[in-house]
Undergrad: 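Quick one: the structure is below, questions incoming.
As the structure is a prediction and not an experimental result, all values here were calculated from the model.
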Amino acid sequence: NSFTKFTKRIVTMANQLMVQMAQRFNVPEQEMLATLKATAFKGNVSDAQMTALLIVANQYGLNPWTKEIYAFPDRNNGIVPVVGVDGWSRIINENPNLDGIEFEYGPQIDGGKHHEWIECSVYRKDRSRPIKAREFWHEVYRKGVGPWESHGNRMHRHKALIQCSRLAFGFSGIYDQDEAERIDEAQAARMPEKSAEQLAFESEHLQAMRDAAMDGMASLNAAFAALPKSPQKTAFWTEHGPSLKQAAEQAIVIDGGEA
C-alpha cells in the first residue's frame with residue numbers, strides 16, 4: 001500500500017545517505033549502522049528519524065559517527081538535530097568567508113563570577129563591517145542545570161558564538177544541546193492529556209495524513225485543509241504537523257533523487 005511504499009522510500013534514502021557519508025568519513029560500511037545508532041541516537045530510532053538526521057548532517061558536512069551532530073528525540077516523534085561544540089567550531093571555521101571572531105565581555109555580576117552580557121563579532125571577508133550578537137546572562141542562564149552551574153562562562157560564550165554565526169552564515173535547522181533541552185521542556189509544557197475526542201480524531205485521520213505526506217507538501221497541505229475544522233484539528237497539527245511536514249519534505253527529496 002501507499003504507506004509501505006513511503007516507508008521503503010525513506011529506508012532507501014537513509015541507506016543512500018549513510019553509504020555516502022560513511023565513505024566520506026572513512027567508516028567501514030559493515031559497521032556504519034550499528035555505530036551510528038550507538039553514537040548519534042539514544043534508544044530506538046525510526047527510519048524517518050535516521051533520515052532526518054542524515055539529511056542535516058550531509059547538508060553541513062558534519063560527522064555523526066564522532067558526535068559532531070546527533071539526534072535529540074522530540075515529543076512529536078521527530079528529532080532535534082544537535083551539533084556539539086566541535087561541530088559548531090568546524091562549520092564556522094571551514095566557511096571560506098570567515099575572517100576572524102572576537103568576543104567582548106560586559107560588566108561582571110554575581111560577585112565577579114559571571115558577565116552581564118557577552119558579545120560575539122564575526123568578521124567576513126566579503127563584508128565591510130562585522131556581524132555582532134550580544135547575549136545577556138539573565139536570558140540564557142538555566143538555574144540548577146549542570147553545565148550552567150559548573151561552566152557558566154563557557155556556556156554563555158558558546159551561546160554568543162552560536163547566535164552570531166547564525167546571523168553571519170545563515171546556519172538553520174541545527175541546535176546545541178541546551179537549546180534542544182529547552183525545546184523539549186517547552187513541548188512538554190504545551191502537551192495536555194488527550195481527551196477521548198482527540199484520540200478518536202487521531203485514530204481516524206493520522207494514517208491518511210501520513211499517506212498524503214508521501215506525495216509531498218502540496219498533497220499534505222490539501223489533506224490538512226480537508227480535515228473538519230475543530231479544536232481537535234488544531235491540537236492534531238500542533239503535535240503531528242512537524243513530523244508530517246518533515247516526511248513530506250523527505251518525500252520530495254527522494255523523488256528528486258530518483259528523477
Side-chain angles (χ1 to χ4, degrees), residues 3-91 142 145-147 155 158 162 166 171-191 206 210 213-214 238-254 257:
F3 187 68
T4 300
K5 286 171 60 181
F6 173 65
T7 302
K8 288 181 178 178
R9 291 159 73 187
I10 288 291
V11 171
T12 299
M13 181 65 172
N15 288 339
Q16 290 173 346
L17 284 169
M18 206 179 313
V19 170
Q20 291 173 9
M21 296 183 67
Q23 292 172 346
R24 178 192 301 171
F25 296 116
N26 198 29
V27 177
E29 279 192 34
Q30 64 272 21
E31 301 175 10
M32 60 185 182
L33 180 59
T35 307
L36 184 61
K37 286 185 175 181
T39 56
F41 292 90
K42 293 181 179 179
N44 295 327
V45 53
S46 69
D47 295 315
Q49 289 173 325
M50 178 77 75
T51 305
L53 181 73
L54 292 175
I55 288 172
V56 178
N58 189 56
Q59 177 184 353
Y60 289 105
L62 291 164
N63 188 342
W65 285 279
T66 58
K67 298 204 76 170
E68 285 185 338
I69 184 170
Y70 54 94
F72 190 100
D74 68 17
R75 294 174 184 265
N76 296 316
N77 298 317
I79 63 161
V80 178
V82 174
V83 176
V85 176
D86 292 342
W88 280 104
S89 177
R90 188 158 72 76
I91 62 176
R142 295 171 68 200
V145 176
M155 293 288 291
H158 188 48
I162 289 175
R166 285 176 171 144
F171 298 141
S172 62
I174 51 177
Y175 306 87
D176 70 1
Q177 176 73 25
D178 182 71
E179 289 171 320
E181 291 173 357
R182 292 172 193 254
I183 291 171
D184 182 66
E185 291 171 0
Q187 288 179 340
R190 292 197 306 264
M191 292 180 68
L206 181 56
R210 286 172 173 167
M214 186 194 74
T238 299
E239 178 176 357
H240 298 287
S243 60
L244 288 168
K245 287 190 289 187
Q246 187 179 73
E249 289 164 358
Q250 290 164 359
I252 293 172
V253 169
I254 294 168

Undergrad: List the atom of Q177, the atom of F72, and the distance in Å for their closest heavy-atom pair.
TA: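 Smallest interatomic distance, heavy atoms only, reads NE2-CE1, 3.4 Å.
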
Undergrad: Would you say the side-chain atoms of E179 pair up with the backbone N or O of D176, donor to acceptor, closer than 3.5 Å?
TA: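 Yes, E179 side chain to D176 backbone: donor-acceptor pair under 3.5 Å.
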
Undergrad: Given side-chain hydrogen bond (donor to acceptor under 3.5 Å, both in side chains), test R24 with N63 step by step and report yes or no.
TA: CA-CA 9 Å; R24 178 192 301 171; N63 188 342; over 6 Å; no

Undergrad: When rounded to the nearest 0.5 angstrom, what distance separates CD1 in I162 from CZ in F171?
TA: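 The CZ atom of F171 is 10.5 Å from CD1 of I162, to the nearest 0.5 Å.
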
Undergrad: Compare every heavy atom of D178 with every heavy atom of M155, then report the nearest pair and how far apart it is.
TA: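 In this case the closest contact between M155 and D178 is CE-CB, 4.1 Å.
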
Undergrad: Measuring from atom CD of E181 to atom CZ of R142, what distance do you get when rounded to the nearest 0.5 angstrom?
TA: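 Reported value, rounded in 0.5 Å steps: 4.5 Å.
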
Undergrad: Of all the heavy-atom pairs spanning A40 and P64, show the shortest one and how long it is.
TA: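 Reported closest heavy-atom pair: CB-O, 4.0 Å.
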
Undergrad: Side chains of residues 79-91: which donor-acceptor pairs under 3.5 Å do they make with residues two or more places apart or in other chains?
TA:
{"unit_1": "W88", "atom_1": "NE1", "unit_2": "V83", "atom_2": "O", "d": "3.1"}
{"unit_1": "S89", "atom_1": "OG", "unit_2": "N93", "atom_2": "ND2", "d": "3.3"}
{"unit_1": "R90", "atom_1": "NE", "unit_2": "E68", "atom_2": "OE1", "d": "3.3"}
{"unit_1": "R90", "atom_1": "NE", "unit_2": "E68", "atom_2": "OE2", "d": "2.8"}
{"unit_1": "R90", "atom_1": "NH1", "unit_2": "G61", "atom_2": "O", "d": "3.4"}
{"unit_1": "R90", "atom_1": "NH1", "unit_2": "E94", "atom_2": "OE1", "d": "3.1"}
{"unit_1": "R90", "atom_1": "NH1", "unit_2": "E94", "atom_2": "OE2", "d": "3.0"}
{"unit_1": "R90", "atom_1": "NH2", "unit_2": "G61", "atom_2": "O", "d": "2.5"}
{"unit_1": "R90", "atom_1": "NH2", "unit_2": "E68", "atom_2": "OE1", "d": "2.6"}

Undergrad: Enter the distance from W65:CH2 to F25:CZ here, rounded to the nearest 0.5 Å.
TA: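 Between W65 CH2 and F25 CZ, I get 7.5 Å after rounding to 0.5 Å.
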
Undergrad: Please report the shortest heavy-atom distance between I174 and R166, naming the atom on each side.
TA: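 Answer, listing the atom of I174 first, then R166: O-NH2, 2.8 Å.
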
Undergrad: Between A71 and F41, what is the shortest heavy-atom contact and its length?
TA: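 Residues A71 and F41, closest heavy atoms: CB-CE2, 3.4 Å.
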
Undergrad: Could you pull out the closest heavy-atom pair between K67 and T39, with the gap in Å?
TA: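 For K67 versus T39, the nearest heavy atoms are CE-O, 3.0 Å.
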
Undergrad: Could you measure the distance from the CG atom of L62 to the CG atom of L53? Nearest 0.5 Å is fine.
TA: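 These two atoms lie 9.5 Å from each other.
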
